[in-house]
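First the structure, in the form of structure tokens, and then the observations on it.
Note on naming: letters A, B, ... go to the chains in the order of the sequence lines (proteins, then strands), and numbering restarts at 1 for each one.
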Amino acid sequence: MAFYITTPIYYVNAEPHLGHAYTTVVADALARFHRALGEEVRFQTGTDEHGDKVQEAARKAGLPVREFVDRISASFRRCWDEMGIAYDRFIRTTEAAHIRVVQEVLARLHHTGDIYFGDYGGLYCFGCERFYLERELVDGRCPDHQTAPTYLREENYFFRMSRYQEWLVGYIEDHPDWIRPERYRNEVLGFLREPLEDLCISRPARRLSWGIPLPFDERFVAYVWFDALLNYVSGLDYPDGAAFASFWPVAQHLIAKDILKPHAVYWPTMLKAAGIEPFRHLNVHGYWQMATGKMSKSLGNVVEPLTLISLYGNDQVRYFFLREMVFGLDATFSEELLVQRLNADLANDLGNLFARSLGMAFRYRQGVVPAPAEAAARDREVAQTAREVAADFLRLFPELEFPKSLSRVWELVSHLNHYIVDTAPWELAKEPAAASRLDTVLYHLLEGLRWLAALLQPVMPASSRKMSGQLGLGEELFRPPLTRVLTWGGLPPGTRLGKGPPLFPRLEAVK
RNA sequence: GGCGGUGUAGCUCAGCUGGUUAGAGCAUGCGGCUCAUAUCCGCAGUGUCCGGGGUUCGAAUCCCUGCACCGCCA
């Protein structure tokens with residue numbers, strides 16, 4: 001089995017923000033999940049570096065474009081590195097290999113007649129780098145820039161996207177989970193009920209020089225989306241690379257809802273025209289709505305990912321992202337919600353469960369995993385719950401049901417907390433005759449913790465390792481496949497437990 | 001303007017193809033335990049299921065309509 005996940009390549013006209021971080025964390029968690037299962041995994045992210053807005057941002061920053069894009073791209077890369085994002089490939093659209101693929105595809109589509117030369121006249125907004133229809137304007141001005149567009153009549157190259165509309169509709173109808181969740185599939189189908197226009201895929205070089213030149217006409221550069229989307233295959237060394245052969249057939253894209261159209265319409269029709277099989281899934285997520293209002297520099301409520309993790313911890317933020325946002329829907333972000341969630345789930349439930357369990361193992365058994373005697377009914381319930389939770393988690397997580405899969409795991413956490421109360425080890429410890437009963441209880445408890453550490457590795461990789469360390473297990477707990485690790489009784493009696501500080505210290509409430 | 005979505009306890013939300021006293025988590029109040037990060041466990045709630053019609057023996061769940069918010073398209 002192979003697994004290929006991509007984030008969008010991020011546009012380098014601004015620094016990484018919360019939304020970028022969410023997408024990237026989700027991709028990373030999925031990649032880790034599939035690696036844990038022992039699958040061959042490829043995870044690609046990167047930066048989108050061409051186009052008008054980049055050129056403009058560089059001008060504002062007073063830097064040569066090349067230097068500017070190097071700087072912002074590095075900033076994204078550093079952000080992901082500091083967040084422990086384990087990507088396999090960081091692609092930049094300014095790489096020679098990528099440019100070569102874009103030009104190769106352009107040349108081919110030009111040759112087959114899917115790209116043609118034509119002209120188009122209309123009202124053009126330089127800020128948006130696009131034409132507007134009369135009716136889209138607000139008081140005759142661009143709705144985004146509040147500037148009056150200019151009438152331009154110009155010749156350009158067009159991609160014959162309309163030719164593939166019927167095919168695309170059929171493909172979406174035949175593959176119900178191709179675009180998911182369903183709401184976005186419906187949105188695309190709704191959009192495709194109207195006739196599809198051909199896509200203008202060139203920009204005159206005299207207006208925009210920062211782009212990939214069309215191989216058949218140097219007076220033009222490629223439209224940024226035509227350039228950018230191809231990263232998903234150029235990063236696999238399309239057309240001849242081994243990576244392309246093994247990973248493209250299982251490609252899954254991860255995007256935010258704002259770039260649905262390019263990914264659900266432009267990209268598949270481009271692939272079809274180029275004779276490349278469609279990707280396997282387009283996974284679309286929603287937005288983080290700031291409880292403080294729309295994020296803006298002037299409001300001073302911009303949340304920088306690195307600031308956030310330095311305040312609350314990387315795994316903590318990852319957990320919050322996955323636990324709090326139903327994939328596909330919008331969710332609310334505030335530090336207050338974050339603190340609430342971290343205290344309730346991580347400090348009180350999970351962290352405290354580890355602390356009390358390990359505490360008893362040290363106090364009553366000198367920090368050595370005892371050998372269990374015969375399991376009683378109550379003990380078998382623990383094992384049974386662990387199995388059921390793990391089975392659900394393994395099914396739900398790859399289907400992007402993150403809150404559901406995690407709340408299932410927390411049912412195991414809760415079950416173990418109940419188990420402690422039900423069995424009252426501190427009472428058993430007083431009774432010498434109950435020694436083997438205490439051994440059995442402690443063993444089941446610690447084995448339950450081992451399952452938690454293993455299950456949570458895609459979500460909280462560093463914390464999982466701390467948990468494993470406290471259980472005296474180290475890295476072997478994470479050796480794939482996870483399904484083999486999840487065998488009840490895998491914790492060897494006699495293992496020396498490790499002492500450690502609280503996994504998730506309680507946080508003070510913020511106002 | 002067209003299409004679609006959402007509206008359920010203070011908060012975040014489950015409730016699929018209609019059927020026992022409408023649920024979970026968080027927050028709140030009270031009680032218990034003491035292994036633990038003032039943590040854990042138990043108990044207690046409160047809801048005109050957006051409003052109004054209708055179908056039905058029976059609707060949060062289906063139909064119509066109104067309102068509010070949101071998204072996509074124009």
Side-chain angles (χ1 to χ4, degrees), chain A residues 132-138 143 179 181-197 256-265 284-289 291 294 313 316 320 323-334 336-365 367 396 401-404 406-411 413-430 438 441-442 445-446 449 463 466 470 497 499-509:
Chain A
Y132 274 97
L133 297 172
E134 200 88 53
R135 66 179 71 142
E136 291 178 284
L137 301 174
V138 178
I179 299 170
E182 198 178 9
R183 49 187 13 216
Y184 297 107
R185 174 178 186 262
N186 293 337
E187 209 167 289
V188 174
L189 283 171
F191 172 72
L192 288 172
R193 276 197 283 271
E194 303 298 319
L196 202 51
E197 306 268 320
K257 62 183 181 180
D258 57 330
I259 50 175
L260 177 61
K261 193 156 80 166
H263 282 82
V265 180
V284 188
H285 68 76
Y287 280 160
W288 284 100
Q289 306 288 359
K294 211 168 168 63
Q316 284 83 343
F320 180 81
R323 178 63 184 79
E324 202 74 12
M325 177 181 268
V326 174
F327 191 87
L329 303 180
D330 289 356
T332 307
F333 181 89
S334 73
E336 194 182 340
L337 284 168
L338 176 70
V339 168
Q340 257 176 32
R341 179 57 81 181
L342 300 185
N343 277 341
D345 293 4
L346 298 185
N348 296 352
D349 291 348
L350 178 62
N352 184 56
L353 171 63
F354 264 78
R356 64 197 303 215
S357 304
L358 272 288
M360 288 188 284
F362 272 95
R363 181 188 287 228
Y364 305 137
R365 291 295 180 265
L396 293 167
E401 297 278 11
F402 306 122
K404 269 192 190 137
L406 285 170
S407 56
R408 264 316 254 146
V409 173
W410 256 255
E411 286 178 40
V413 172
S414 173
H415 188 95
L416 292 170
N417 273 321
H418 278 97
Y419 180 64
I420 294 175
V421 173
D422 290 349
T423 56
W426 50 90
E427 297 295 337
L428 298 173
K430 291 177 190 160
L438 179 57
V441 166
L442 289 177
L445 196 49
L446 295 167
L449 299 188
S463 304
K466 282 189 204 163
Q470 294 194 357
L497 302 168
K499 273 201 156 78
L503 291 164
F504 307 104
R506 261 189 85 81
L507 301 162
E508 291 306 312

Whole-angstrom distance between rC63(B) and rG7(B), as gauged at atom P: 15 Å
Review item, side-chain donor-acceptor pairs of residues 345-355 of chain A, under 3.5 Å, at least two apart:
from	atom 1	to	atom 2	distance (Å)
Asp345(A)	OD2	Tyr319(A)	OH	2.6
Asp345(A)	OD2	Arg341(A)	NH1	2.9
Asn348(A)	OD1	Arg506(A)	NH1	2.7
Asn348(A)	ND2	Asn343(A)	O	3.4

G-U wobble or Watson-Crick pairing nucleotide for rG19(B) (cut-off 3.5 Å, both distances): rC57(B)
Set of residues satisfying side chain to side chain contact (heavy atoms under 4.5 Å, CB included) with respect to Asp258(A), sequence neighbours excluded: Ala256(A), Tyr287(A)
Any residue meeting side chain to side chain donor-acceptor pair (under 3.5 Å) with Arg408(A), in chain and number order, not counting sequence neighbours: Asp392(A), Glu411(A)
Length of the CG-C1' vector between Leu189(A) and rG2(B), whole Å: 16 Å
Nearest-Å distance for atom pair CG/C1', residues Asp422(A) and rU34(B): 16 Å
rC49(B) versus rA60(B) - spacing of their C1' atoms, nearest Å: 5 Å
C1' spacing across the pair rA44(B) / rC62(B), given as an integer number of angstrom: 36 Å
Touch class at under 4.0 angstrom, heavy-atom based, for Glu427(A) against every strand present: sugar-phosphate
Pairing nucleotide - rC3(B), Watson-Crick or G-U, each distance under 3.5 Å: rG71(B)
Close N/O contacts between protein and nucleotides 70-73 of chain B (under 3.5 Å):
from	atom 1	to	atom 2	distance (Å)
rG71(B)	O2'	Glu187(A)	OE1	3.4
rC72(B)	O4'	Glu187(A)	OE2	3.2

Heavy-atom pair with the smallest gap, counting every atom of Gln316(A) and Leu342(A): O-CD2, 3.4 Å
Side-chain touch Leu396(A)/Phe402(A), heavy atoms, less than 4.5 angstrom: no
Any residue meeting side chain to side chain donor-acceptor pair (under 3.5 Å) with Lys257(A), in chain and number order, not counting sequence neighbours: Asp330(A)
Contacts of type side chain to side chain contact (heavy atoms under 4.5 Å, CB included), residue Ala361(A), not counting sequence neighbours: Leu446(A), Leu497(A)
For Tyr184(A), ring pair (Phe, Tyr, Trp, His ring centres under 6.0 Å) partners two or more places apart: none
Side-chain heavy atoms of Leu358(A) within contact of Leu449(A), under 4.5 Å: yes
Min side-chain heavy-atom separation Arg183(A)-Leu329(A) under 4.5 Å: yes
Review item, nucleotides 4-12 of chain B N/O atoms under 3.5 Å of protein N/O:
from	atom 1	to	atom 2	distance (Å)
rG5(B)	O2'	Arg183(A)	NH2	3.0

Gap between atoms CG and C1', on Leu428(A) and rU34(B) respectively (whole Å): 14 Å
Contacts of Ser357(A) that satisfy side chain to side chain donor-acceptor pair (under 3.5 Å) - sequence neighbours left out: none
Phe320(A): partners by ring pair (Phe, Tyr, Trp, His ring centres under 6.0 Å), with sequence neighbours left out: Trp288(A), Phe333(A)
Interatomic distance at P, rC64(B) relative to rG42(B), whole Å: 45 Å
Partner nucleotide of rC26(B) by Watson-Crick or wobble geometry (both distances under 3.5 Å): rG10(B)
Atom-pair distance (CG on Asp345(A); C1' on rU39(B)), nearest Å: 14 Å
Mate of rC35(B) where both pairing distances stay under 3.5 Å, Watson-Crick or G-U: none
Inter-nucleotide C1' distance (rG10(B), rG47(B)), Å rounded: 11 Å
Rounded interatomic separation in angstrom, taking NE2 from His418(A) and P from rG32(B): 18 Å
Nearest-Å distance once atom P is located in both rU56(B) and rC11(B): 37 Å
Contacts of type side chain to side chain contact (heavy atoms under 4.5 Å, CB included), residue Ala424(A), not counting sequence neighbours: Trp426(A), Glu427(A)
Whole-Å distance separating the NE2 atom of His415(A) from the C1' atom of rA24(B): 18 Å
C1'-based separation of rG29(B) from rU46(B) [nearest Å]: 12 Å
Mate of rU46(B) where both pairing distances stay under 3.5 Å, Watson-Crick or G-U: none
Grab the N/O contacts between the protein and nucleotides 35-38 of chain B below 3.5 Å, and write none if there aren't any.
from	atom 1	to	atom 2	distance (Å)
rC35(B)	O2'	Arg356(A)	O	3.2
rC35(B)	O2	Arg356(A)	NE	3.0
rC35(B)	N3	Arg356(A)	NE	3.4
rC35(B)	N3	Arg356(A)	NH2	2.6
rC35(B)	N4	Arg356(A)	NH2	3.2
rA36(B)	OP1	Arg363(A)	NH2	3.1
rA36(B)	O2'	Asn352(A)	OD1	2.5
rA36(B)	N3	Asn352(A)	ND2	3.2
rA36(B)	N3	Arg356(A)	NE	3.2
rU37(B)	O2	Phe504(A)	O	3.4
rU37(B)	O2	Arg506(A)	N	3.2
rU37(B)	N3	Phe504(A)	O	2.7
rU37(B)	O4	Gly351(A)	O	3.3
rU37(B)	O4	Leu503(A)	N	3.3
rU37(B)	O4	Phe504(A)	N	3.1

Span that lies between the P atom of rC16(B) and that of rA22(B), in whole angstrom: 16 Å
Spacing of Glu401(A) atom CD relative to rC13(B) atom P, expressed in whole Å: 15 Å
